[in-house]
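Written out below as structure tokens is the structure these notes cover.
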Amino acid sequence: DTVSGWTYKGKPGTGKATFTIVTENGVKVLKAESVNGTGSILFDISKIDFKKYPVMRWKWKVDVLPTGADGRSEEKDDQAIGIYVGAGRWSTNSVAFRWETETPKKAEGEASYGLGMVSVKWYCVRNKEDKTGVWYVDECNIYEALDKRFKGKIPTKNVALSISCNAQYTKSRAVAYLEYVEFLPAQTEKKLSK
């Protein structure tokens, strides 16, 4: 289950999400799809110095949002796509930037999965108000988010970037695409916001 450094992680007893590389307008992009399932792919990014590269920027789009999903409710906690940065091998602690369905934009919250082994601070970046089938570029200050999450002690081992696609709780379907995730120096943040 490993493609050039990426590892797939599913949930026992639950349908899988699929991650495939497709070509769109001559560009290779990641397609994530889930039908009543859940899954993530993880890549080790322990080498990244978040102080030097505090800006995480990504390009994504959603074709199908999980029906009625809402990150604020445990029973409906599905997202078409989530971008997570976290640390830990057996138990993990992460920050997540998610494309929700019903969750209001700029909402944030805490979630715990796998009997508390997985702890997440999530942020709703986009939701059903955004157009489907349209690419968006978003960014965040990942250094600040991690610094806050890890109380000033950002881990340097077992740090992973993971991409998730979930439609298990809502028993629906989700389809999303990701063109890239990049980590950039601070000055690039200011250029974009002019």
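Nothing here was measured: the structure is a model prediction, and the numbers come from that model.
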For K31, all residues meeting salt bridge (charged side-chain N to carboxylate O under 4.0 Å, His left out), sequence neighbours excluded: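 By the salt bridge (charged side-chain N to carboxylate O under 4.0 Å, His left out) rule, K31 matches E33.
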Below 4.5 Å, heavy atoms only, C-beta onward: do [X] and [Y] meet side chain to side chain?
| X | Y | answer |
| --- | --- | --- |
| V22 | K28 | no |
| I45 | F43 | yes |
| W135 | E179 | yes |
| V62 | Y177 | no |
| V95 | L146 | yes |
| D44 | W6 | no |
| V64 | T132 | no |
| V120 | N93 | no |

Determine whether Y180 and L178 satisfy the following criterion, side-chain contact (heavy atoms from CB on, under 4.5 Å), listing intermediate values before the conclusion. CA-CA 6 Å; Y180 61 78; L178 181 70; over 6 Å; no
What about W60 and W99, are their ring centers closer than 6.0 Å?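 Ring-ring flag for W60/W99: true, centres closer than 6.0 Å.
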Taking the six-membered ring for Trp, are the ring centroids of W58 and F97 within less than 6.0 Å of each other?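 Ring-ring flag for W58/F97: true, centres closer than 6.0 Å.
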May I ask you to check whether over 12 heavy atoms, not counting those of [X], lie within 6.0 Å of atom [atom1]?
| X | atom1 | answer |
| --- | --- | --- |
| F183 | CZ | yes |
| I21 | CD1 | yes |
| K105 | NZ | yes |

Measure across [X] and [Y] and return the closest heavy-atom pair with its distance rounded to 0.1 Å.
| X | Y | answer |
| --- | --- | --- |
| A80 | C165 | O-SG, 3.3 Å |
| W122 | G71 | CZ2-O, 3.5 Å |
| E108 | Y123 | OE1-CE2, 3.7 Å |

Any side-chain donor paired with an acceptor under 3.5 Å for N166 and S34?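 There is no such pair (donor and acceptor under 3.5 Å, judged by atom type) between the side chains of N166 and S34.
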Give a yes-or-no answer on whether the side chains of T103 and N127 include a donor-acceptor pair shorter than 3.5 Å.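 Checked: T103/N127 side chains show no N/O donor-acceptor pair below 3.5 Å.
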Tell me, with the steps shown, if E144 and F50 meet side-chain contact (heavy atoms from CB on, under 4.5 Å). CA-CA 9 Å; E144 278 176 13; F50 297 108; over 6 Å; no
Check ion pair [X]-[Y] (N to O, under 4.0 angstrom):
| X | Y | answer |
| --- | --- | --- |
| R149 | E110 | yes |
| K51 | D49 | no |
| R98 | D77 | yes |

Is the side chain of D78 donor-acceptor paired with the backbone N or O of Q168 at a distance under 3.5 Å, no angle test?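 Looks like yes, one N/O pair under 3.5 Å.
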Test salt bridge (Lys or Arg N to Asp or Glu O under 4.0 Å) on E24 and K61; report intermediate values, then the result. CA-CA 12 Å; E24 195 172 285; K61 78 168 176 169; 3.0 Å; yes
Walk me through it: do D138 and R126 pass the test salt bridge (Lys or Arg N to Asp or Glu O under 4.0 Å)? CA-CA 9 Å; D138 287 301; R126 296 200 176 269; 2.7 Å; yes
For a side-chain contact (heavy atoms from CB on, under 4.5 Å) check, start with the C-alpha distance between I142 and V55, then their side-chain angles and the critical distance, and finish with the verdict. CA-CA 6 Å; I142 193 65; V55 181; over 6 Å; no
